[in-house]
Each structure stands twice: as C-alpha cells, then as structure tokens.
2 protein chains.
Amino acid sequence: MADAPDASGTADPASPADETGPAVSPAASKAPGARTGARAAVPHAARHGGRPHAGRPTMKDVAARAGVGLKTVSRVVNGEAGVSSDTERRVQEAITSLGFRRNDSARVLRKGTTASIGLVVEDLADPFYSPLSRAVEEVARAHGALLINGSSAEDPERERELALALCARRVDGLVIVPAGDDHRYLAPEITAGVATVFLDRPPGRIEADMVLSDSFEGARSGVAHLIAHGHRRIGFIGDRPGIHTAKERLRGYRAAMAEAGLPVSEPWVALGPTGSDRVRADAARMLDGSAGTAPVTAVFSGNNRVTVTLVRVLAEPERRGRPVALVGFDDFELADLLSPPVTVIAQDPADLGRSAAELLFRRLDGADDPPRALSRPTKLIARGSGEIPPLD
Amino acid sequence: MADAPDASGTADPASPADETGPAVSPAASKAPGARTGARAAVPHAARHGGRPHAGRPTMKDVAARAGVGLKTVSRVVNGEAGVSSDTERRVQEAITSLGFRRNDSARVLRKGTTASIGLVVEDLADPFYSPLSRAVEEVARAHGALLINGSSAEDPERERELALALCARRVDGLVIVPAGDDHRYLAPEITAGVATVFLDRPPGRIEADMVLSDSFEGARSGVAHLIAHGHRRIGFIGDRPGIHTAKERLRGYRAAMAEAGLPVSEPWVALGPTGSDRVRADAARMLDGSAGTAPVTAVFSGNNRVTVTLVRVLAEPERRGRPVALVGFDDFELADLLSPPVTVIAQDPADLGRSAAELLFRRLDGADDPPRALSRPTKLIARGSGEIPPLD
DNA sequence: TGGGGACTGGACAACGTTGTCAGAAGTGGC
DNA sequence: GCCACTTCTGACAACGTTGTCCAGTCCCCA
C-alpha cells in the first residue's frame with residue numbers, strides 16, 4: 001500500500017518525500033513552511049529543527065524535479081557515461097536548484113568502502129605528532145580519502161575505543177600509534193579487511209605492518225656521542241616504561257654505556273610520564289647527586305617533551321655555573337637557536353607518517369605479502385649542547 | 001523462507017557470506033584463490049581481496065547464530081531494555097564468536113546523524129593549529145563525536161572541496177578556519193542543518209557563527225608597546241593580504257602608529273606568504289633601509305611562522321651589532337628561552353578551539369538564536385625582545 | 001521499410017541498520 | 001478456565017544510494 005501513493009508522490013515536482021514516512025513528521029510539523037521558496041527567505045528559522053540533515057533533498061527528489069529516473073541522476077552525479085547532454089543539463093539544474101548533495105553514508109553502505117582512513121596518535125597537539133598527522137593526511141588526500149583522527153592520550157583503553165569506533169565507521173584502513181601493548185582486539189577487524197599499520201611503536205600480541213624509527217641505534221649513538229666527548233656519568237630520562245620506544249632507547253643507552261665499559265648507577269635512569277614535574281624532580285636528583293651517587297655530567301633525553309623540560313631546567317640561573325651536556329631524542333623547532341643549541345637525534349615525523357600511509361594504501365591496493373616492519377634511520381645533529389665537556 | 005538456508009549457512013563458523021551475493025563476483029574473480037578455508041588458515045592471504053569489509057558478519061548473521069530475531073540483536077547491541085538476560089547472553093556469545101561489530105554507516109543512514117564533526121584548518125602541523133585541533137577533538141569526544149579533519153593549505157578551492165566532502169559525509173557540524181572569502185557555497189548545507197562555526201577568521205558573504213581573536217586590538221597594543229619603548233620607525237611583516245587576520249593586524253599596526261602621530265613609510269609594511277624566503281627578503285629590506293627610507297628599529301610580526309623566521313634573521317651574526325626590537329603575534333614554545341626572549345601577543349589556540357566546538361554543540365543541541373561573533377582577547381607577554389630600546 | 005546495433009533511461013533489489021507494530025509467552029486475579 | 005495485563009520477541013519497512021538488467025529510441029545501412 002505504501003508503494004502506490006509513494007510513486008505518484010515522486011512524480012510531483014515538489015515531492016514532499018517527508019510526508020510518506022511517519023519518521024519525519026516531527027520535522028515536517030516543526031518546519032511546515034520549508035517549501036522551496038520559504039526556505040531561502042528564512043535562513044535560520046528551521047535550521048536546527050529535527051535531525052541535522054532532515055529534509056535534505058535526495059536523488060529521488062532531484063529525479064522528480066528533473067523529470068527523469070533515479071538512476072539517471074545517479075549517473076550524472078557520478079559522471080558516468082550514458083546520459084545525453086540535454087538530460088544531464090536538466091539534472092544539473094535540478095541539483096543546484098534543490099541544493100542537493102549526495103549522501104555518502106548511503107553510498108558507503110552500498111559500496112562497502114568509505115574512502116576514509118583512521119589515525120590514532122597519542123596527542124594531536126604534540127609537535128612530534130602533528131607533522132606526522134599532516135603527512136598521513138596528504139597521502140590520504142592523494143588517494144582521495146579523508147582522514148578521521150583522534151588522540152589516545154597515551155591511554156590504552158582510549159586507544160581501543162577510538163580504534164574500534166573507527167572500525168565501526170568502516171574506515172578502509174587504520175594507522176595507529178599504539179598506547180597499549182595488546183592489540184588482539186583488532187584481530188577480527190584485520191581479518192575482516194581493515195588494513196592496519198602501526199606507527200612509531202610495534203603492535204602487541206598481533207602480527208601487522210609497522211613503521212618504526214630505529215630507537216635503539218639512535219639512543220646508542222647519542223650516548224656514544226656524549227661518551228666520545230669525555231662523559232662517564234650520564235643520566236637517562238625517558239618516557240613511561242610501558243612504552244616501546246622508551247624501552248628501546250633505554251636499551252640503546254645501556255648498550256652504549258656497556259660498550260664503553262662504563263657502569264650505570266640506577267639513580268641515573270628515570271622513566272615516567274613526560275609531565276614537567278616528574279622530569280624536573282628526576283633531573284634534580286641526578287644532577288645534584290644523591291645517596292652516595294656522584295652527579296651526572298650529561299643527560300640523554302628520551303623524547304621531545306622531556307628535552308624541552310630539561311632545556312628549561314638547565315637554563316635556570318642556579319644551574320648556569322656547572323654546564324651539563326644534553327642530547328635529546330627528537331628534533332624540535334628552534335633547537336638551533338637556544339643557548340647552547342641542542343644536539344639531537346633527529347627523526348623525521350613527516351617521513352614516518354608518509355611511509356606508514358603509503359604502506360597502508362599499498363595494502364588497500366591489494367598488496368598481499370606478509371606484514372613487514374619498516375625501520376627508519378635517525379640522524380645525530382650536533383649543535384653544541386651535546387659537545388659540552390664534563391667539568392671533572 | 002529465506003531464513004532457513006541462511007540460518008544454516010551462518011551457523012557455519014566460517015560462513016562465506018560472499019558467495020551468496022552476486023555483488024562480490026568481481027572481487028572473487030580478482031582474487032580467485034580467496035576460498036573460505038584459505039582465509040582462516042592463511043590470515044594474510046585473502047585479506048585485501050575484495051571490498052575492505054566484505055564478508056563481515058551482520059546482525060542477521062548474529063541473529064541466525066543466536067537463534068533470535070534481527071531486532072533482538074539490535075536491542076542487545078544498543079543496550080535497549082526488553083531483552084531477557086538469557087537471550088542477551090546468547091546474543092552476546094554469538095557476537096563475540098562471530099567478531100561482529102555494528103556497521104555505523106548503516107546506522108547513520110537510518111538515524112540521520114553521524115556523531116561526527118568536521119574541522120578544516122590551514123595546516124594541521126602548524127603549532128598554532130595543532131592545539132586548536134586537539135581542543136576541538138576533546139570537546140567532540142566529550143559529546144561522543146568523532147573528528148574528521150583536513151588541511152586547506154590556505155587554498156580556498158581546497159577548503160571548499162574539503163568542507164563539501166565533509167558535508168557529503170553528513171557530519172553533524174563543521175568548524176572551519178576559512179582560507180577563502182566567499183562561503184556562499186555553504187549556504188545550502190547550513191540551511192539543510194549542518195551547524196557551522198567559523199574560527200580565527202570570519203565567513204565571507206554568509207552569516208554564521210564565528211570565534212575570533214581580537215587581532216586588531218592585539219596588534220595595536222603590541223605596536224603601542226614598541227612605541228612606548230621609544231621606537232618611531234617600526235616595520236610590519238604579516239601574512240598574505242587576502243587573509244582577514246593579516247588585514248586586521250595591519251590595521252592595528254596603522255592605528256597604533258597613527259595614535260602616536262608617527263608616519264608609516266610604505267617599505268616598512270610587507271604582507272605575503274609566510275615562507276621563510278619571502279620573510280627574509282622583506283626583513284632585510286626594512287632592516288637595512290632602502291630607497292631613501294631609514295631602517296626600522298623594531299619589527300612587529302603578524303604571526304607565529306613569521307616570528308620564527310625573524311628570530312633567525314635577527315640572530316644572524318652580522319645583525320648582532322645592531323639589536324632590533326621584536327614583538328610577535330602568537331606565542332610559541334620556547335619563546336622565553338631564546339636570547340633575547342621574545343615578547344609576544346599571545347592568543348590561546350586551545351581556548352579558541354574549545355570555544356568554537358562548544359558553540360557548535362550548543363547549536364547541535366538546538367540553540368536557535370541568531371549567529372553570534374565571539375571575540376577572544378589577546379595578552380601581551382613582555383619577555384625582552386620587545387623592550388629593546390632603539391639605537392638612535 | 002525493416003533489422004541490427006548503439007545509446008539512453010528506468011524499475012528494482014540490495015547494502016545493514018533501526019522504528020513501528022503486532023504477536024507470543026508468561027503472570028496473576030477472579 | 002478465562003481475561004487482562006506485562007514482558008519479551010520478531011516481521012517488516014524505511015533510510016539514500018548504486019549495480020543489474022531490461023525496454024525503449026534513434027540511426028544507419030541494406
């Protein structure tokens with residue numbers, strides 16, 4: 001019974017598709033004047049009446065307006081062949097006059113592909129992750145895909161929520177900077193076809209593509225650099241111990257010390273959250289010496305955030321008298337203009353993002369080879385702070 | 001009738017939902033080895049064969065597996081009341097054993113709301129926009145919405161493409177840092193119910209909500225600060241003249257100069273892209289004096305990117321002899337650690353993002369009042385570079 | 001004038017979910 | 001034993017699009 005009136009309804013040029021379905025009656029009753037003419041006259045009146053997109057024209061409306069079939073509109077909208085130029089013109093007119101825009105949700109449902117990828121990072125605002133996000137976005141754009149992204153705030157549960165929400169949206173692929181160390185929750189998704197690339201840190205308890213910087217070698221070479229400049233008591237301040245890169249960098253630190261035959265006093269090593277309070281406390285402890293341990297003459301910093309705090313600590317007036325050498329993992333803007341300029345182990349965040357995204361799209365294009373782990377090299381950039389000799 | 005064979009099919013753990021629909025035949029022919037058994041045995045073999053999510057279990061599959069009706073599954077998935085705990089348990093079992101995840105595309109189509117908002121900025125990697133994005137994301141998250149974002153690269157056409165693509169995805173709302181100056185293209189979308197807030201710059205030729213920093217007053221006070229420290233020849237280097245904030249800040253500069261009765265030589269004013277080459281050239285021109293114009297003794301910088309380049313220019317050895325005062329619009333990390341520390345007109349990007357997002361969600365919650373323009377104050381932070389006295 | 005091919009247009013089902021509505025099963029009172 | 005009621009369940013349509021398939025229409029050539 002629904003069909004007959006429905007069909008005649010769409011033949012009507014100004015077809016109120018609304019009125020057939022009971023679902024939209026609230027919207028219809030709230031904005032009854034929303035006829036073609038009235039709509040233009042009162043821009044803000046009915047704007048937020050019902051559901052956000054209630055009352056949007058559909059292809060059916062366009063078809064009725066142009067006096068053609070539904071599929072013909074679809075063809076025009078998608079630039080498919082097989083529509084005479086005259087018909088096309090009529091359809092285009094109807095489209096612009098109704099303000100029609102294709103509903104991609106419906107398209108996605110039908111086609112099974114969303115042309116969007118998800119990105120989960122720790123913090124979108126972190127100067128390490130923002131160029132990385134941008135690079136992923138550029139690659140996505142080049143492939144005609146949109147980017148949906150979120151910050152995990154280094155919380156495994158939030159990472160999981162985000163990743164699964166993205167999967168529920170049926171993103172075509174996922175780039176994840178993992179916060180947690182167990183990603184079995186993604187197994188069904190990967191099996192179902194969500195291409196997944198882990199970035200900066202490896203996946204936990206699951207096999208998948210990954211793109212990592214060589215944290216171990218980077219840290220090793222940075223600490224070796226300090227040793228080469230005469231330091232024998234070197235501190236390490238890094239990110240939380242659960243984080244893979246923190247562990248790897250610590251391992252690099254220990255390796256460099258071991259290679260040089262230098263002992264490591266445990267008070268010289270501090271892992272933890274990168275908030276400035278914690279870093280300041282740990283720095284103070286190792287710089288001033290404590291519990292019978294001699295103070296360090298150099299510090300290796302595990303990342304970006306830590307380095308910036310350390311730069312502040314070392315710049316404090318009371319520390320000026322006894323210069324301490326510093327090498328930091330991650331480059332950062334203006335590092336070269338500080339005094340002393342900061343020696344760093346540089347990664348290229350944009351390159352990491354680009355590599356991960358390209359790997360992802362290779363998968364989406366059908367690459368079937370087993371998961372691979374890409375390692376990107378780091379580069380020591382000597383600027384001054386890492387070349388300060390020890391005082392004693 | 002369709003149910004009986006279907007049910008038996010889905011009872012099979014590795015149900016080949018593919019093979020029932022003709023829609024997937026092209027995919028099947030593309031990856032002919034993608035047989036059912038192979039999938040389980042070789043996890044990565046058939047993974048990217050067809051459409052990304054082909055063969056995912058649906059509610060129908062879950063229902064068949066649990067021996068219940070479709071709607072009951074829907075009820076369980078959405079935590080609706082009216083399901084006995086025994087039935088719920090059976091459904092939950094079926095869900096986990098099949099690895100079912102609700103398809104939000106279908107949900108969106110049905111419900112008309114996507115629980116996602118779009119954000120268009122100039123450059124996600126810019127240290128001004130990344131905390132802003134993060135703030136928008138936080139607010140979105142608090143409202144249970146995801147964030148889809150993109151960079152316009154300051155290209156109006158690209159901004160338009162992005163914004164319309166987001167509308168086609170039926171985002172519930174849109175936060176835009178506009179690149180262009182004509183947003184009439186958004187009128188049909190706004191009419192259709194896409195809540196839209198413009199951020200950092202006003203919309204062009206359209207009425208809509210906006211959240212702006214007080215660029216005029218900020219620049220005026222910054223230049224007045226330089227004047228108060230004795231400068232009479234002050235340069236202004238800003239962003240491209242098409243950009244609203246650039247114009248406003250220039251206007252503030254001129255106002256401060258006029259208030260002090262100081263003339264402005266046109267070579268002291270330079271607008272253009274923020275790439276370092278252009279800024280360096282303009283800086284050199286006004287610092288060295290040219291064509292009978294005396295060199296400036298202070299520079300006011302129109303933004304973040306320009307300031308950083310100017311800091312580098314002023315730090316060059318050959319410029320050290322003649323210190324030049326500098327005040328920059330936008331604060332930036334480590335500004336206080338440079339020598340001299342940089343005096344800035346600070347905006348709070350996170351606050352801007354938060355305000356815009358909150359305004360957006362107010363609209364989505366039904367607020368119907370006319371579009372409003374929020375102005376956020378700026379704050380002068382004197383650190384040293386802006387207090388350098390003029391040489392002559 | 002008729003027949004074949006090329007082109008154009010439209011009816012219909014399907015994608016996976018949720019809202020509506022009605023039916024079935026269970027409970028208690030009389 | 002029956003009715004009224006509540007609680008639970010499922011059939012069905014609809015959301016707006018695209019793929020399939022068939023039916024016209026037009027033109028050209030024989």
Side-chain angles (χ1 to χ4, degrees), chain A residues 1-3 6-7 10-11 17-18 20-26 51 53-64 66-88 90-91 100-114 168-170, chain B residues 1-3 17-18 20-27 51 53-64 66-78 80-88 90-91 100-114 168-170:
Chain A
M1 47 128 204
D3 270 359
D6 195 36
T10 43
D18 306 343
T20 64
V24 284
S25 54
R51 309 189 320 250
H53 300 270
R56 284 208 94 142
T58 71
M59 282 193 180
K60 202 165 142 193
D61 300 326
V62 174
V68 303
L70 192 54
K71 186 63 217 255
T72 300
V73 177
S74 171
R75 273 192 272 258
V76 171
V77 169
N78 293 292
E80 285 170 32
V83 180
S84 70
S85 64
D86 181 58
T87 307
E88 172 165 3
R90 284 215 320 284
V91 172
F100 167 81
R101 184 160 321 280
R102 180 179 63 198
N103 184 334
D104 275 354
S105 307
R107 173 170 227 254
V108 160
L109 177 58
R110 183 63 233 248
K111 304 199 71 149
T113 200
T114 53
R169 304 268 161 141
R170 296 295 189 264
Chain B
M1 28 86 218
D3 271 357
D18 305 342
T20 64
V24 285
S25 53
R51 310 189 318 253
H53 300 270
R56 285 208 96 145
T58 71
M59 282 193 180
K60 199 166 142 195
D61 300 326
V62 174
V68 302
L70 192 52
K71 187 62 220 253
T72 300
V73 176
S74 172
R75 273 191 272 257
V76 171
V77 168
N78 292 293
E80 284 170 33
V83 180
S84 71
S85 63
D86 181 57
T87 307
E88 173 163 2
R90 283 213 322 283
V91 172
F100 167 81
R101 184 161 322 281
R102 181 179 63 197
N103 184 334
D104 275 354
S105 306
R107 172 169 227 252
V108 160
L109 176 59
R110 185 63 234 250
K111 303 201 73 149
T113 199
T114 54
R169 304 269 161 140
R170 296 297 188 264

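To find a chain, count down the sequence lines: A is the first, B the second, and so on, and within it residues start at 1.
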Residue set satisfying side chain to side chain donor-acceptor pair (under 3.5 Å) with T72(A), at least two apart, ordered chain then number -> none

Contacts of R170(A) meeting side chain to side chain donor-acceptor pair (under 3.5 Å) (sequence neighbours excluded), chain-then-number -> none

Residues passing the side chain to side chain contact (heavy atoms under 4.5 Å, CB included) test with N78(A), sequence neighbours excluded, are S74(A), E80(A), R102(A), R107(A)

With sequence neighbours left out, the residues meeting side chain to side chain contact (heavy atoms under 4.5 Å, CB included) with V108(B) are S105(A), T114(B)

The helix from dT1(C)-dA30(D) to dC30(C)-dG1(D): angle between terminal helix axes, five bp per end, to the nearest 10 degrees, reads 50°

Report the distance from atom [atom1] of [X] to atom [atom2] of [N], rounded to the nearest whole Å.
{"X": "K111(B)", "N": "dT20(C)", "atom1": "NZ", "atom2": "C1'", "result": "14 Å"}
{"X": "R170(B)", "N": "dT17(D)", "atom1": "CZ", "atom2": "C1'", "result": "11 Å"}
{"X": "D104(A)", "N": "dG16(C)", "atom1": "CG", "atom2": "P", "result": "18 Å"}
{"X": "N103(B)", "N": "dG16(D)", "atom1": "CG", "atom2": "C1'", "result": "14 Å"}
{"X": "L109(B)", "N": "dG19(C)", "atom1": "CG", "atom2": "P", "result": "13 Å"}
{"X": "K60(B)", "N": "dG10(D)", "atom1": "NZ", "atom2": "C1'", "result": "14 Å"}
{"X": "R101(B)", "N": "dG16(C)", "atom1": "CZ", "atom2": "P", "result": "16 Å"}

Quiz question: going by heavy-atom distance under 3.5 Å, is there a donor-acceptor pair between the base of dT17(D) and the side chain of R107(A)? no

Assess whether one donor atom and one acceptor atom, taken from the side chain of R110(A) and the base of dT18(D), lie less than 3.5 Å apart. yes

Could you pull out the protein-nucleic contacts involving nucleotides 24-28 of chain C (nitrogen or oxygen on both sides, under 3.5 Å)?
none

CG (L109(B)) and CG (N103(A)) are apart, to the nearest 0.5 Å, by 6.5 Å

Taken to the nearest 0.5 Å, the spacing of K60(B) NZ from L70(B) CG works out to 8.5 Å

Indicate yes or no: at least one non-hydrogen side-chain atom of V62(B) is less than 4.5 angstrom from one of V91(B). yes

Exercise. Find out whether V76(B) and V73(B) are in side-chain contact, i.e. whether some heavy atom of one side chain is under 4.5 Å from a heavy atom of the other.
Key: no

Hits for salt bridge (Lys or Arg N to Asp or Glu O under 4.0 Å) against R75(A), two or more places apart or cross-chain, chain-then-number order -> none

Taken in chain and number order and not counting sequence neighbours, the residues that satisfy salt bridge (Lys or Arg N to Asp or Glu O under 4.0 Å) with R169(A) are D104(B)

Side-chain atoms of E80(B) come closest, of dC15(D), dG19(C), dG19(D), to dG19(C)

Tightest non-hydrogen contact, residues F100(B) and V77(B), listed as CE2-CG2, 3.9 Å

Scanning both residues in full, the closest heavy-atom pair of E88(A) with V83(A) reads N-CG1, 3.7 Å

Margin query: When you measure from the side-chain N and O atoms of N78(A) to the phosphate of dT18(D), is any distance below 4.0 Å, counting only OP1 and OP2?
Written below: yes

dT18(D) OP1/OP2 closer than 4.0 Å to side-chain N/O of R102(A)
yes

Readout for nucleotides 5-11 of chain C: B = base within 4.0 Å of protein heavy atom, S = sugar-phosphate only, - = neither; 5' to 3' it is ---SBBB

